[in-house]
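Reviewing the structure listed below.
Counting begins at 1 with the first residue of the sequence. Quick caveat, the model's predicted, so the values are computed rather than measured.
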Amino acid sequence: MSLYGAAKVVVAPATRMVWPVKMEGAHHVPREGGAILAVNHLALIDPLFIGVACPRPVRFIAKQELFDEGTLPRRTLARILRGLGQLSVDRRPGQSSQEAMDNSLGVLERGEVFGIFPEGTRSPDGRLYKGQTGLAWLALTTDVPVIPVALTGTERIFPRGRRVPSFNRVGVRFGEAVDLSSWKGLADKAKPRREATDAIMEAIAKLSGQERVLRYAASVKAELERGGPQG
């Protein structure tokens with residue numbers, strides 16, 4: 001992870017200069033061993049701020065589109081993400097699930113910190129959407145701590161239609177590890193995975209202050225694209 005360290009030395013101060021970052025609770029991240037950071041998702045640039053704020057290197061599995069270098073802002077983001085050790089995944093049907101699970105388990109088994117956006121996609125309206133249960137499967141399979149993390153302000157950096165970023169303050173708040181002991185050893189059962197995921201999402205909501213929506217963000221986005229109700 002030496003490349004990560006070198007990149008952070010350059011990227012972190014530059015990021016804080018452009019976007020003042022208010023960080024809270026970083027001491028909740030274990031000093032060693034595998035851990036999962038479960039983060040709300042507001043903007044494409046979210047992994048950057050988690051990488052800046054977390055005291056340990058963080059691995060995210062990012063969708064392949066984030067590494068598209070078609071425009072200068074995207075080229076810059078892609079190169080920063082690669083420098084910070086982020087992994088891309090092909091999200092086409094039949095491609096992503098097994099690849100993502102294998103990569104995620106590998107990160108945790110090596111004793112690293114793995115970052116995940118349990119909503120699966122960016123919130124379409126700033127609310128906190130239903131978490132995908134792959135998060136609980138990872139946590140219960142590996143028995144590593146899950147640290148809830150709340151981002152604020154990142155959605156204002158590149159609002160829809162804006163090509164030049166705004167320079168507002170960003171917040172990153174880490175919480176205490178979520179107690180998942182009630183579901184220990186039940187990773188293979190659907191109901192415990194759902195309950196454990198909901199407990200993690202509730203912990204994120206308490207940190208972020210977001211309204212919770214008991215629907216998947218991807219479904220709501222699809223409705224919006226079709227011009228239907230979002231609920």
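Contact annotation: the side chain of V178 approaches that of P148 to within less than 4.5 Å [non-hydrogen atoms, C-beta and beyond]. Considering only heavy atoms from C-beta on, R194 comes within 4.5 Å of K130 through its side chain. Residues M201 and P118 form a side-chain contact, since some pair of their non-hydrogen atoms from C-beta on lies under 4.5 Å apart.
Exactly one residue among W19, F174, F60 makes a ring pair (Phe, Tyr, Trp, His ring centres under 6.0 Å) with F49. That residue is W19.
The environment of E176 atom CD is sparse: at most 12 non-hydrogen atoms of other residues, nucleotides or ligands sit within 6.0 angstrom.
Among all heavy-atom pairs drawn from E119 and Q132, the shortest one is O-NE2, 3.8 Å. The two residues Y216 and G131 have their closest heavy-atom pair at CE2-O, 3.8 Å.
In the hydrophobic clustering of this structure, L207 does not group with Y129; members are Ile, Leu, Val, Met, Phe, Trp, Tyr whose side-chain heavy atoms approach within less than 4.5 Å, directly or through other members.
Distance CG/L135 to CD1/I200: 4.0 Å, rounded to 0.5 Å. Annotation: the span from I116 atom CD1 to I36 atom CD1 amounts to 7.0 Å, rounded to 0.5 Å. R127 CZ to S208 OG: the interatomic distance, rounded to the nearest 0.5 Å, is 13.0 Å.
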Chi angles and distances behind the side chain to side chain contact (heavy atoms under 4.5 Å, CB included) call for V144, F114: CA-CA 10 Å; V144 302; F114 177 66; over 6 Å; no
